[in-house]
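As structure tokens, the structure follows; a few thoughts come after it.
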Amino acid sequence: MNRRTRTALLGSALLLTVAAAAGSAGASASDESRRETVPAGVSATGESKREAAALTGKAKLYRSAGDDITFSFDAHLAANDKADPMKATGTFEFSHYLNGEGARAKAKVDCLLTGGKVAVVSGVITDSDLPGAEGKRVGITVHDVGRRDRLGYSWASTGSPVETKDLPKCVGSAPFEKVRKGTGDFTVVPWQPEL
């Protein structure tokens, strides 16, 4: 590798490092005062830690019959909780309507596992207009492949979250549904546990 190529590669690596650190907290206080006021997820030097895993975004699913099916996610696993996916926080919501009939639900996240561009999130339904749904755990699997993401849900074989019995945390189905083009997409931050 010649000197010019090496310099260009080093410059690119530096640019990537600077871009990754953009938005991180920089403090001018002394090291000691910084240690006392460092928020969670930020190192003592003021650099932001990458969260351990995340699933975010909103999109509608494709159905040839015209069903209006929407899923949205705001699920996160903090860097400090990297070893325990069951410490994930956040919520997710879903709705399914056809010809003006259907239901919606909101769940509180209780587990998040991601690997590469695939995420499995579970949570307990806290609010829904589907009778019998509140208090039920549901799980959803997302495959982040750009604007044509895929999604699967734990009630795929039962037909309703109400029919799901004793679902463990972080269990979902294969991502067999497709996101409808132009309706949004999902973003998965891959989990990188120390094995």
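- A donor-acceptor contact shorter than 3.5 Å links the side chain of T114 to the backbone of V189.
- In this structure, NZ in K169 is found 11.5 Å from CG in L113, a value given to the nearest 0.5 Å.
- Judged purely by atom type and a 3.5 angstrom limit, R180 has no side-chain atom pairing as donor or acceptor with the backbone of K60.
- A search for ring-ring contact (aromatic ring centres under 6.0 Å, His included) contacts involving W155 returns F94, Y153, not counting sequence neighbours.
- Rounding to the nearest 0.5 Å gives a distance of 9.0 Å between CD of E51 and CG of L112.
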>> Apply side-chain contact (heavy atoms from CB on, under 4.5 Å) to residues T164 and R137 and explain how you reach the verdict.
In response: CA-CA 8 Å; T164 305; R137 176 175 290 116; over 6 Å; no
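- Here D74 contributes atom CG and L55 contributes atom CG; the two are 9.0 Å apart, rounded to the nearest 0.5 Å.
- Side chain of T183 to backbone of A59: no donor-acceptor contact under 3.5 angstrom is found.
- Linking ILVMFWY side-chain heavy atoms closer than 4.5 Å, directly or via other members, places F176 and L61 in a single hydrophobic cluster.
- Residues V138 and I125 have side chains in contact (heavy-atom distance under 4.5 Å, counting atoms from C-beta outward).
- Atom NZ of K106 has 12 or fewer neighbouring heavy atoms from other residues, nucleotides or ligands inside a 6.0 Å radius.
- Here the straight-line distance linking atom CD1 of I140 with atom SG of C170 works out to 11.5 Å at 0.5 Å rounding.
- When the shell of 6.0 Å around CZ of R147 is examined, it contains 12 or fewer heavy atoms from other residues, nucleotides or ligands.
- With rounding to the nearest 0.5 Å, the separation of CH2 in W191 from NZ in K82 is 9.5 Å.
- Atom CG in D144 sits 13.0 Å away from atom CZ in R150 (nearest 0.5 Å).
- Shown here are the ring-ring contact (aromatic ring centres under 6.0 Å, His included) partners of Y97, two or more places apart in sequence or in another chain: there are none.
- At least one donor-acceptor pair under 3.5 Å links the side chain of S128 to the backbone N or O of R104.
- Shown here is K178, whose NZ atom has no more than 12 heavy atoms of other residues, nucleotides or ligands within 6.0 Å.
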